[in-house]
Amino acid sequence: MNKSVKKFILAPMNLLYRINPELDLKILYRLRTHRKLNLENPKTYTEKLQWLKLNYKNKLLPICADKYEVRQFVKKCGYENILTKLLWEGYNPDDIPFKDLPGQFVIKVTHGSGMNIICKNKNELNNSKTIRTLKRRLKEKYLPCYGEWFYGVIRPRIIIEEFLDDGRGYSPVDYKIFCFHGKPKFIIAHVDRFTNYRSNMYDLEWNPFQNISMKDIDPNLVVEKPKELDQLLKCAEILSKDFVHVRVDLYILNSKIYFGELTFMCDSGFVTMNPIEIEEEIGSWIEIK
């Protein structure tokens, strides 16, 4: 859906969120999941994510939701070595030193999701268009009605990082490790993000989940167990220790681990799983008080 159309349609929900956030989330939850949201006694994974939006105000969330500030958090956790190389950062797109950048890089706005600019050949990049795009994206805000209060708290800026590929022009496997109270529980491995995007879900022993239906999950996809699995899980454990729940995104390239991001609400907290018994089991890993 076009972003402008989406903003127009959800404008009344943004107003409702300011007046009655619980009612707003109940309506959106019904529309997105086709289920009734139980906030009084939440049981499923997605129900508890909505509860966390309303009740979990960890001061680290705005820091770690920002793509620049999270780098400092990763350093403090002792993992500076897994950060991708930072080529430039700033608030004004006009200041980007395009001529000094390498042939490949990734441009990100630090409060955005799905708004990265992947440059595989600097000579083919339209600098003026890129600057205009970034100025527009810096002004964009997360829709309040989704309840993800921690996005955009910190003034957004632009960062430019090194581009990671496997040597063939493909992005490396994206290991999304779902952690609960500082403990990794399962992994969703994503492949071919920019070409033939697919993913599959594995337990900590790298056994694929059986008979589960979830957005973007392809049960026929076989992703090889990474030799660095123990290192991935240890890294995720350290980075998730301060949170009730977080998804730790990591990459492996030439046997080296790289940090992607920390995500607190996968698909804004609306990514349902079937059968519902599996989602209830995962929900039980989130302890709420």
Side-chain angles (χ1 to χ4, degrees), residues 17 21-22 25 39 42 45-84 86 89-91 108-116 138 140-159 161 174-188 231-251 257-271 282-289:
Y17 180 78
E22 287 192 15
L25 290 179
L39 290 172
Y45 175 55
T46 50
E47 282 183 328
K48 288 193 175 180
L49 289 183
Q50 305 311 311
W51 188 95
L52 290 175
K53 288 178 183 180
L54 296 168
N55 299 284
Y56 181 58
K57 303 299 181 180
N58 188 329
K59 293 181 180 179
L60 283 173
L61 266 61
I63 293 171
C64 293
D66 182 89
K67 291 179 172 58
Y68 178 76
E69 295 296 338
V70 71
R71 295 174 64 92
Q72 308 307 313
F73 174 80
V74 173
K75 288 181 182 179
K76 289 180 180 178
C77 289
Y79 278 103
E80 182 176 2
N81 63 306
I82 71 171
L83 292 170
T84 55
L86 182 65
E89 60 88 10
Y91 296 101
K108 303 176 180 179
V109 288
T110 54
H111 69 314
S113 176
M115 295 192 293
N116 298 343
L138 282 172
E140 292 186 7
K141 299 182 183 299
Y142 260 73
L143 292 171
C145 63
Y146 286 149
E148 296 173 274
W149 61 270
F150 39 85
Y151 282 113
V153 174
I154 295 172
R155 180 187 175 190
R157 72 179 84 194
I158 300 159
I159 60 172
E161 297 177 330
D174 184 358
Y175 300 96
K176 298 184 181 295
I177 305 170
F178 288 69
C179 302
F180 301 78
H181 300 278
K183 299 297 180 183
K185 289 290 190 177
F186 65 90
I187 306 158
I188 299 183
Q231 297 175 48
L232 284 176
L233 295 176
K234 181 60 178 179
C235 181
E237 183 175 345
I238 297 298
L239 293 177
S240 67
K241 62 183 176 62
D242 294 307
F243 308 105
V244 168
H245 170 56
V246 65
R247 193 190 76 203
V248 181
D249 295 1
L250 301 169
Y251 303 93
I257 296 174
Y258 289 90
F259 174 75
E261 64 181 37
L262 299 181
T263 299
F264 300 102
M265 294 289 157
C266 184
D267 196 23
S268 297
F270 299 116
V271 58
I282 293 174
S284 72
W285 300 337
I286 297 178
E287 300 175 11
I288 60 177
K289 300 178 182 179

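Taken to the nearest 0.5 Å, the CD1 atom of I286 stands 5.0 Å off from the CG atom of L49. Separation of atoms CG (N55) and NZ (K48) is listed at 12.5 Å; rounding is to 0.5 Å. In this structure, CD in E237 is found 4.0 Å from NZ in K183, a value given to the nearest 0.5 Å. Interatomic distance, I158 CD1 to E89 CD, rounded to the nearest 0.5 Å: 10.0 Å. Taken from CZ in F243 to CG in L52, the straight-line distance is 12.5 Å, to the nearest 0.5 Å. With rounding to the nearest 0.5 Å, the separation of CZ in R247 from CD1 in I177 is 11.0 Å.
Counting only heavy atoms from C-beta outward, the side chains of V244 and I288 never approach each other to under 4.5 Å. For the pair E22 and L54, the minimum side-chain heavy-atom distance is below 4.5 Å. F259 places a side-chain heavy atom less than 4.5 Å from the side chain of L250. Two residues are said to be in side-chain contact when any heavy atoms from C-beta on lie closer than 4.5 Å; L25 and P21 fail this criterion.
Within 6.0 Å of NZ on K57 lie more than 12 heavy atoms contributed by other residues, nucleotides or ligands.
When all heavy atoms of C179 and H245 are compared, the pair lying nearest together is O-ND1, 2.8 Å. Residues Y45 and C266 come closest through the heavy atom pair OH-CB, 4.4 Å. What you find for V153 and P62 is that their closest heavy atoms are CB-CB, 3.8 Å. Across Y251 and G260, no two heavy atoms sit closer than the pair CE1-CA, 3.7 Å. The two residues G182 and S240 come nearest to each other via the heavy atoms CA-OG, 3.4 Å. Counting all heavy atoms, side chain and backbone alike, Y91 lies closest to P156 at CD2-O, 3.4 Å.
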Listed pairs under 3.5 Å, donor-acceptor, residues 143-152 side chains, sequence neighbours left out:
from, atom 1, to, atom 2, distance (Å)
Y146, OH, K6, NZ, 3.4
E148, OE1, S268, OG, 2.9

Cut-off 3.5 Å, no hydrogens considered: what does the side-chain donor-acceptor table look like for residues 69-77, sequence neighbours left out?
from, atom 1, to, atom 2, distance (Å)
E69, OE2, R157, NH2, 3.4
R71, NH1, T84, O, 3.1
R71, NH1, E161, OE2, 3.0
R71, NH2, T84, O, 2.9

Query raised in the report: Should Y258 and I82 be marked as a side chain to side chain contact (heavy atoms under 4.5 Å, CB included) after you check the CA-CA gap, both sets of side-chain angles, and the distance that decides it?
Result: CA-CA 4 Å; Y258 289 90; I82 71 171; 5.6 Å; no

Report task. Might you work through the side chain to side chain contact (heavy atoms under 4.5 Å, CB included) test for Y175 and I257, ending with a clear yes or no? Result -> CA-CA 10 Å; Y175 300 96; I257 296 174; over 6 Å; no

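Ring geometry for F180 versus F186: interplanar angle of 30 to 60°, hence tilted.
Between the side chains of Q231 and K234, no donor-acceptor pair is found at a separation under 3.5 Å.
Looking at residues two or more places apart in sequence or on another chain, you find a side chain to side chain donor-acceptor pair (under 3.5 Å) between Y56 and N58.
Under a 3.5 Å cut-off, the side chain of H111 and the backbone N or O of E140 do form a donor-acceptor pair. Side-chain atoms of Q50 come within 3.5 Å of backbone atoms of G269 as a donor-acceptor pair (strictly under, hydrogens ignored).
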